[in-house]
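First the structure, in the form of structure tokens, and then the observations on it.
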Amino acid sequence: MNQPHPDTTGLDCDVLIVGAGFAGLYQLHRLRALGLSVVLLEAGSGLGGIWHWNCYPGARVDSHVPVYEYSDEKVWRDWYWDERFPDWQALRRYFEHVDATWDLSRDIQFDTRVVSASWDEGGRSWRVDTDRGASLRARFFVLCTGFAAKAYIPEFPGLDDFAGVHHHTAHWPQDGLDMTGLRVGVIGTGASGVQVIQEAAKVATEVTVFQRTPILALAMQQRRLTREEQDAAKVHYPEIFRRRTQSNSGFDYAEPGGSALDASDEERRAAYERLWQAGGFSFWAGSYSDILINEEANRTAYDFWRDKVRARIQDAAIAEVLAPTEPPHPFGVKRPSLEQTYYDVFNQDNVALVDVKATPIERINPSGVQTTQGEHPLDLLVLATGFDAVTGGLTNIGIHGSRGETLKEHWQQGALTHLGLASHGFPNLLYLYGPQSPSGFCNGPTCAEVQGDWVVELLAHLRAHGITRIEARPEAEEAWRDQVNAIASFTLFPRAESWYMGANIPGKPREMLNWPGGLQLYAAACRSAADAGYSGFTLDGEDIGRR
Ligand code: N01
């Protein structure tokens, strides 16, 4: 039977994707295989998304391989890593391998930033404008900009007059910057700050760490990987990739079991020690099931973490600032990071810690950072101050929907999405790794494939049925937001001022930005919407949700 084909006159492509990270490249690969014409626009000059931009010293992924890679055997069969937690250079090499395997670059325009987009109702298409002055028309607009596309730089008075060099970690010079012999200041102790500090401590004359909230960093337990052990492990890769999609965090950890409060002190300590030695996020994502929902259970994890860390710090006053006796917030409700030498470097003479909660930063002088305690002279100031996460990269693009409203306006009072994938008033626009999806709580490549497969199936369905317009319904958005908030209210996540909660950006609505119900519930909700003919969406003007 002949399928009806939508009119594509005047379109540059069927699908326009933004972003050449894990999610965008997967979309390009899969959608092209459907026979759709696809163009991908990427602001950077190379592949990798955050691994293109985050090239600061020490940048490395804190998810282990092979979980942090695509599940396609054509990609993994001949690929070998050197380390269990690869650095940004290795990840860039990986993306080149993916490119060679999937033949992607021919449909990618690099150095091309999307600055605005508007919906054309008559043409049922998006007009997308770039900073190169070009406009493209596409039936579908798929944003794969990641959760950390918009860097956050606090408004420190005097920053522009700083006489030394300053960079946000995500705007690090692509040709590198040698910190040897410099007086380096690092503001921020999230995952990025921890990694820069570890490297700066090796080569800088002085490193001054400006900490506002202590990071509760976990032992990475990095190790080198041989080809032989990877060859032997590859037999299990299909099973590992299957397990990660059947987990709640997108990892292959054994799912957490039981309450921390049911175990005896001795059993619990032994369990925590096992998780600690396993390294990575095991201690966080593979622990007891009530760590992130029960304060008493959570406290047992905090105390274990605190004692582990304090044992490595010689100065008791520094230990109290880095790993306080009383938790600054429940353990694990701000994203932990992985460290290798972070707590050891504070024993070095060239590393100083400034508690900017006790002595706040007043301004940046031409010669250094001025706190209420005095000036800290610097040659290089590293702003490891994070991101306007999850929503910022999307609202930063001037996206005008069917009612003229921008996405930024639509989300002024908080994110509104159906399934964390689409919004009312923005037909044919889909975003991956976006707000109210598992994004921040899920291993990136797993999410790119789980959400990605759903989007591919959707576009295949629309094409097969000649449907040229799909739009999320407003009541579906409300219902999804209610679910996100209801689940979040059972957890300890609202108890910290984190980017998970949008609380790191002054003036941003404070709300749970990620789907907190785990990947399984999320995938089930997406599946049942699809099985019901895409409930919660209006297709081609037809009111599917009410059928
Ligand atoms: O950013 P963050 P990040 N004065 O928001 C501080 C991923 N990632 O770039 O906690 C002083 O975590 C702020 O202090 P506080 C990962 O998902 C992954 O480090 O708000 N300090 C905090 O310490 C991660 O979670 C990898 O009190 C100020 C820091 O800046 C996410 O990206 C590597 C301040 C920001 O920490 C973001 O991590 C890197 C101010 N005015 C990143 N404003 C890997 O895979 C902010 N801060 C390894």
Side-chain angles (χ1 to χ4, degrees), residues 62-68 83-85 191 194 214-225 229 233 236 239-240 243-244 246-314 316 319-320 322-344 346-347 441-443 490-493 495-496 518-520:
D62 51 16
S63 305
H64 58 277
V65 294
V67 165
Y68 196 76
E83 294 178 306
R84 187 179 174 217
F85 297 93
V194 165
I215 178 105
L216 313 186
L218 304 173
M220 177 177 276
Q221 313 291 16
Q222 172 73 298
R223 64 182 181 80
R224 295 200 69 74
L225 299 175
E229 72 180 298
H236 306 293
E239 170 61 12
I240 290 172
R243 275 219 314 270
R244 78 175 184 183
Q246 291 177 357
S247 71
N248 273 321
S249 58
F251 286 93
D252 59 342
Y253 300 130
E255 282 297 295
S259 164
L261 303 176
D262 288 343
S264 69
D265 289 353
E266 203 177 318
E267 285 166 345
R268 198 168 45 237
R269 253 198 311 277
Y272 283 157
E273 185 62 36
R274 265 197 313 277
L275 294 168
W276 193 267
Q277 295 309 332
F281 285 137
S282 309
F283 189 78
W284 179 47
S287 185
Y288 293 105
S289 56
D290 53 355
I291 293 296
L292 299 175
I293 54 176
N294 178 307
E295 190 156 7
E296 202 185 335
N298 187 283
R299 182 65 195 247
T300 65
Y302 180 82
D303 288 352
F304 182 91
W305 170 86
R306 179 200 59 207
D307 295 347
K308 273 280 181 201
V309 164
R310 286 171 85 119
R312 287 163 58 187
I313 305 164
Q314 287 156 11
E320 183 59 27
L322 289 170
T325 309
E326 290 302 312
H329 49 75
F331 167 77
V333 300
K334 260 184 129 153
R335 187 178 178 282
S337 76
L338 302 187
E339 59 85 30
Q340 295 170 275
T341 57
Y342 182 64
Y343 294 110
D344 310 308
F346 291 95
N347 298 326
F441 295 149
C442 187
N443 175 45
F490 286 110
T491 72
L492 300 171
F493 284 101
R495 298 272 305 279
L519 186 62
Q520 292 317 294

Is there a side-chain contact between [X] and [Y] (heavy atoms, below 4.5 Å)?
| X | Y | answer |
| --- | --- | --- |
| Asp303 | Arg299 | yes |
| Arg244 | Tyr68 | no |
| Phe251 | Trp284 | no |

Restricting to non-hydrogen atoms, name the atom on [X] and the atom on [Y] that form the minimum distance, rounded to 0.1 Å.
| X | Y | result |
| --- | --- | --- |
| Arg268 | Ala260 | NH1-O, 2.8 Å |
| Leu275 | Ser282 | O-CB, 3.6 Å |
| Ser287 | Tyr272 | OG-CE2, 3.6 Å |
| Val67 | Gly250 | CG1-O, 3.7 Å |

Main chain of Phe331, side chain of Asn298: is a donor-acceptor contact present, judged purely on distance under 3.5 Å?
yes

Using modelled atom types only, decide if a donor and an acceptor are shared between the side chain of Asn443 and the backbone of Ser249 within a distance under 3.5 Å.
no

Salt bridge check, Asp307 against Arg310: does any charged N sit closer than 4.0 Å to a carboxylate O?
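Salt bridge absent between Arg310 and Asp307.
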
Partner residues of Arg84 under the salt bridge (Lys or Arg N to Asp or Glu O under 4.0 Å) criterion, sequence neighbours left out
none

Can you sort out the partners of Ala217 under side chain to side chain contact (heavy atoms under 4.5 Å, CB included), two or more places apart, ordered by chain and number?
Ile215, Ser337, Glu339, Tyr343

Rounded to the nearest 0.5 Å, what's the gap from [atom1] on [X] to [atom2] on [Y]? Could you check?
| X | Y | atom1 | atom2 | value |
| --- | --- | --- | --- | --- |
| Arg335 | Phe441 | CZ | CZ | 11.0 Å |
| Phe283 | Arg274 | CZ | CZ | 12.5 Å |
| Thr491 | Asn294 | OG1 | CG | 12.0 Å |

I need the single residue from Gln222, Met220, Gln221, His64 that forms a side chain to side chain contact (heavy atoms under 4.5 Å, CB included) with Leu338. Which is it?
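It is Met220; the other options fail the test.
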
Sequence neighbours excluded, the answer for ring-ring contact (aromatic ring centres under 6.0 Å, His included) partners of Tyr302 is Trp305

